[in-house]
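Note sheet for the following structure.
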Amino acid sequence: MFAKSFIALDGNDRLIGAKTVQTAPYDRYTCHLCGSTLRYHPAYDSERPWFEHTHDTLKERPIALPLCESRSRRSEAD
């Protein structure tokens with residue numbers, strides 16, 4: 001399981017925040033750490049917008065992918 005991400009790379013390889021994405025939510029988003037495709041989740045009642053790794057498109061990147069997984073382990077421990 002991966003931690004929620006609040007920043008991603010957009011279709012032009014620029015960092016973008018999840019709140020900014022609400023203005024153009026139909027772009028393609030990738031993880032800035034591992035390059036995997038991210039799914040955008042818009043804001044709901046009490047939850048702010050966020051990105052999620054899609055398990056079917058995780059890239060095989062031996063260095064960056066563990067960074068994404070370790071972030072998840074730290075947030076689950078909190």
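Along the sequence shown, residues are numbered consecutively beginning with 1.
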Could you grab the distance from atom [atom1] of [X] to atom [atom2] of [Y], nearest 0.5 Å is fine?
X	Y	atom1	atom2	result
Thr37	Phe51	OG1	CZ	12.5 Å
Leu38	Asp10	CG	CG	11.5 Å
Ser5	Arg39	OG	CZ	13.0 Å
Cys31	His53	SG	NE2	3.5 Å

Does the side chain to side chain contact (heavy atoms under 4.5 Å, CB included) test come out yes or no for Glu52 and Lys4, once each step is laid out?
CA-CA 6 Å; Glu52 171 188 29; Lys4 290 181 179 180; over 6 Å; no
Residues 11-22 side chain polar contacts: donor-acceptor under 3.5 Å, at least two apart:
unit_1	atom_1	unit_2	atom_2	d
Gln22	NE2	Lys19	O	3.4

Students often mix this up, so state it plainly: with edges at 30° and 60°, are the rings of Tyr40 and Tyr29 parallel, tilted or perpendicular?
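Judged by the thresholds at 30° and 60°, the geometry between Tyr40 and Tyr29 is tilted.
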